[in-house]
Novice: 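Quick one: structure below, then a few questions.
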Amino acid sequence: MDELAPQEAAVLALIKVNPFVGQQEVADQLGLARSTVAAHIVQLVQKGHILGRGYVLASGQRAICVGGAVLDRKYNARAPLVMETSNPVDSGRSFGGVARNVAENLARLGTATGFVSMVGDDETGRAILHYLQDCGIDISQVAMTSERPTAEYAAILDPAGDLVLGISDMSIFDLIGPAQIDKAWPHLAAASWVFADCNLPPETLASLISKRRDARFRLAIDAVSTPKAARLPRDLTGIDLIFMNIDEANAVLRLDEVITDAGEAALALQAAGASEAVVTMGARGIAVAGREGLKFFPAVEARPVDMTGAGDAMIAGTLHRLLEGDDLYRAARTGALLGTLTTESPASVHSELSERFLAANMHRLDR
Ligand SMILES: Nc1ncnc2c1ncn2[C@@H]1O[C@H](COP(=O)(O)OP(=O)(O)O)[C@@H](O)[C@H]1O
Ligand SMILES: O=c1[nH]cc([C@@H]2O[C@H](COP(=O)(O)O)[C@@H](O)[C@H]2O)c(=O)[nH]1
């Protein structure tokens, strides 16, 4: 095949990550005229890089993550915090958001991944998009708005590392309506797994769950937090796999008696309609209610430095292994190991994560 000119290579790169991309979208992303893009596409066809336009067959195993993209800020107090005055801290920032974290973990593990979300028309939003694109994630379905800023979460921690105050501005996610899911539908319909977090508004979650009934993909959902878990419908029919902790399960189930056992919570989520459920217990491990009943897996012993993102890594590890053909029990065990590995990294997504890194740590499951 002939050498590609830089602009042709840039057009081809965008088509590779999103075969549904329109000429105008390519033109906008690259700052070119649509007619220039059309000419490049003609060249790419002639040079044999594009076989043609038309029906694109869904190929390979693909995951699409739908939900939050957030800027996480952490402030570690150097001395006990004193209210109503200025306190010295060590600060750090990283990209977070449950669905974004899951997408980054999946892509680093080698799963073809797309992301559906909304960011603000600001520096943070653009930085998140560049970062995800560099990870090889299809960001064509991330909308940008000037109505609200990109979501932010700030945690103020005491000298022991415990949370004193968390504040979040996530109002931008109220704008991710069912119409955005409809627009992204060809991407979702071609996926093997769709993962959604409860940063989405209730009507968007409900629409996704109801549309899943006629679709080929399987749907996984994470509760995010106790208040956000209550956004899920009471009837969980249509959800193939659900992840949450016990408090979140109680918020979803709204039973007369509060559940205190993770296994009981996982079975109750199944009874409420979810096909399978994973209930997390931090350092104590996970309870998995699958097709062959309930199983417990204790957590691998760790030297934790930061818990942020452990649950999201656990979800991504589980979905990655399900895509590779494992049953839920085996997949969730590997997922929980990835959660543990993430607690040993200060970043929300383990900075060394790759398929090889995970493989090199699998022996820790046997200890
Ligand atoms: N202190 C810990 N030691 C070992 N593994 C841990 C620890 N905390 C979390 N994990 C692992 O990460 C997974 C997810 O963490 P968890 O805190 O349960 O989720 P979430 O962040 O959703 O609350 C756990 O199931 C476990 O496998
Ligand atoms: O209402 C929300 N709070 C917090 C998060 C995100 O949750 C992540 C931490 O998740 P975990 O529970 O795995 O620590 C952080 O990156 C944070 O941005 C979110 O998406 N929505």
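Read the numbers this way: they start at 1 and go in the same order the structure lists the ligands and their atoms. All residue numbers refer to positions in the sequence shown, counting from 1.
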Novice: So which heavy atom on Ala190 is nearest to which on Arg216, and how close?
Specialist: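 Minimum heavy-atom contact is O-NH2, 3.1 Å.
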Novice: Inspect the contact between Asp197 and Lys228 and indicate whether a charged nitrogen and a carboxylate oxygen are less than 4.0 angstrom apart.
Specialist: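 No, Lys228 and Asp197 are not salt-bridged.
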Novice: Between Val224 and ligand 2, which residue portion shows a heavy-atom distance shorter than 4.0 Å: side chain, backbone, both, or neither?
Specialist: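 Side chain only.
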Novice: How about Asp169 and Ser171: does a side-chain donor come under 3.5 Å of a side-chain acceptor?
Specialist: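 Yes, side-chain donor-acceptor contact under 3.5 Å.
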Novice: Tell me the contacting part of Asn101 for ligand 2: side chain, backbone, both, or neither, using a 4.0 Å heavy-atom threshold, strictly below.
Specialist: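 Looking at Asn101 and ligand 2, just side chain atoms fall under 4.0 Å.
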Novice: Side-chain heavy atoms under 4.5 angstrom apart, residues restricted to Ile, Leu, Val, Met, Phe, Trp, Tyr: same cluster for Trp185 and Val66?
Specialist: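 Yes; tracing contacts between hydrophobic side chains, which count when under 4.5 Å, links both residues.
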Novice: Output all residues satisfying side chain to side chain contact (heavy atoms under 4.5 Å, CB included) with Ala271, sequence neighbours left out; order by chain, then residue number.
Specialist: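 In terms of side chain to side chain contact (heavy atoms under 4.5 Å, CB included), with neighbours along the sequence ignored, Ala271 is linked to no residue.
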Novice: Do Thr124 and Asp122 meet the criterion of a side-chain donor-acceptor pair at a distance under 3.5 Å?
Specialist: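 Not at all, the side chains of Thr124 and Asp122 share no donor-acceptor pair under 3.5 Å.
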Novice: Can you list the ligand 2 atoms lying under 4.0 Å from a non-hydrogen atom of Met307?
Specialist: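 Matching atoms, with element in brackets: 14 (O).
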Novice: Name the orientation class of the two ring planes belonging to Phe357 and His350 (parallel below 30°, tilted from 30 to 60°, perpendicular beyond 60°).
Specialist: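 Tilted.
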Novice: Any nitrogen or oxygen of Gly97 lying under 3.5 Å from a nitrogen or oxygen in ligand 2? Just yes or no.
Specialist: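 Between Gly97 and ligand 2, an N or O pair is found under 3.5 Å apart.
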Novice: Which residues pass the salt bridge (charged side-chain N to carboxylate O under 4.0 Å, His left out) test with Asp327, not counting sequence neighbours?
Specialist: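 For Asp327 there are no salt bridge (charged side-chain N to carboxylate O under 4.0 Å, His left out) partners, ignoring immediate neighbours.
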Novice: Return the closest protein heavy atom for atom 21 (N) of ligand 2 as residue, atom name and distance.
Specialist: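 Its nearest protein heavy-atom neighbour is Asn199 OD1, 2.8 Å.
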Novice: At what distance is the nearest protein heavy atom to atom 7 (O) of ligand 2, and which residue and atom is it?
Specialist: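 For this ligand atom, the closest protein heavy atom is Val98 CG2, 3.6 Å.
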Novice: If you measure from each heavy atom of Ala310 to ligand 2, is any distance below 4.0 Å?
Specialist: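 Yes.
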Novice: Identify the closest protein heavy atom to atom 17 (C) of ligand 2: which residue and atom is it, and at what distance?
Specialist: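 Protein heavy atom with the smallest distance to atom 17 (C) of ligand 2: Asp72 OD1, 3.4 Å.
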Novice: Does ligand 2 have an atom that lies less than 4.0 angstrom from a heavy atom of Gly311?
Specialist: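 Checking ligand 2 against Gly311, which is what was asked, there is a heavy-atom contact under 4.0 Å.
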Novice: Would Asp247 and Thr226 count as having a side-chain donor-acceptor pair, cut-off 3.5 Å?
Specialist: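 There is no such pair (donor and acceptor under 3.5 Å, judged by atom type) between the side chains of Asp247 and Thr226.
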Novice: What does the list of residues with a heavy atom under 4.0 Å from ligand 1 look like, ordered by chain and number?
Specialist: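 Near ligand 1, by chain and number: Thr280, Met281, Gly282, Ala283, Gly285, Ile286, Ala299, Val300, Ala302, Pro304, Met307, Ala310, Gly311, Ala336, Gly339, Thr340, Thr343.
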Novice: Under a 4.0 Å heavy-atom limit, does Met170 contact ligand 2 with its side chain, its backbone, both, or neither?
Specialist: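 Side chain only; the backbone of Met170 stays clear of ligand 2.
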Novice: Which of the atoms in ligand 2, numbered in the order shown and given with their element, are less than 4.0 Å from a heavy-atom of Thr308?
Specialist: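 Result: 9 (C), 14 (O).
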Novice: Linking I/L/V/M/F/W/Y whenever any side-chain heavy atoms sit under 4.5 Å apart, do Val252 and Leu208 land together?
Specialist: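 Linked within one cluster.
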Novice: Considering non-hydrogen atoms only, spot the tightest contact between Ser345 and Val349 and give its length.
Specialist: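 Looks like OG-O, 4.4 Å.
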Novice: Should the proximity of Val70 to ligand 2, defined as any heavy atom under 4.0 Å, be assigned to the side chain, the backbone, both, or neither?
Specialist: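 Within the 4.0 Å criterion, Val70 contacts ligand 2 through side-chain atoms alone.
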Novice: May I ask you to identify the nearest protein heavy atom to atom 1 (O) of ligand 2, giving residue, atom name and distance to one decimal place in Å?
Specialist: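 That would be Lys228 NZ, 2.7 Å.
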Novice: Starting from atom 11 (P) of ligand 2, what is the nearest protein heavy atom, named by residue and atom, and what distance separates them?
Specialist: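 It is Gly309 N, 3.6 Å.
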Novice: So which of Asn199, Asp312, Ile128 actually passes side chain to side chain contact (heavy atoms under 4.5 Å, CB included) with Arg100?
Specialist: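 The single option meeting the side chain to side chain contact (heavy atoms under 4.5 Å, CB included) with Arg100 is Ile128.
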Novice: Sequence neighbours excluded, which residues qualify as side chain to side chain contact (heavy atoms under 4.5 Å, CB included) partners of Arg212?
Specialist: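 So Arg212 forms a side chain to side chain contact (heavy atoms under 4.5 Å, CB included) with Phe217, Arg218, Leu219, Asp240.
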Novice: Considering only the protein, which heavy-atom contact is closest to atom 12 (O) of ligand 2, and what is its distance?
Specialist: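 Result for atom 12 (O) of ligand 2: Asp312 OD1, 4.5 Å.
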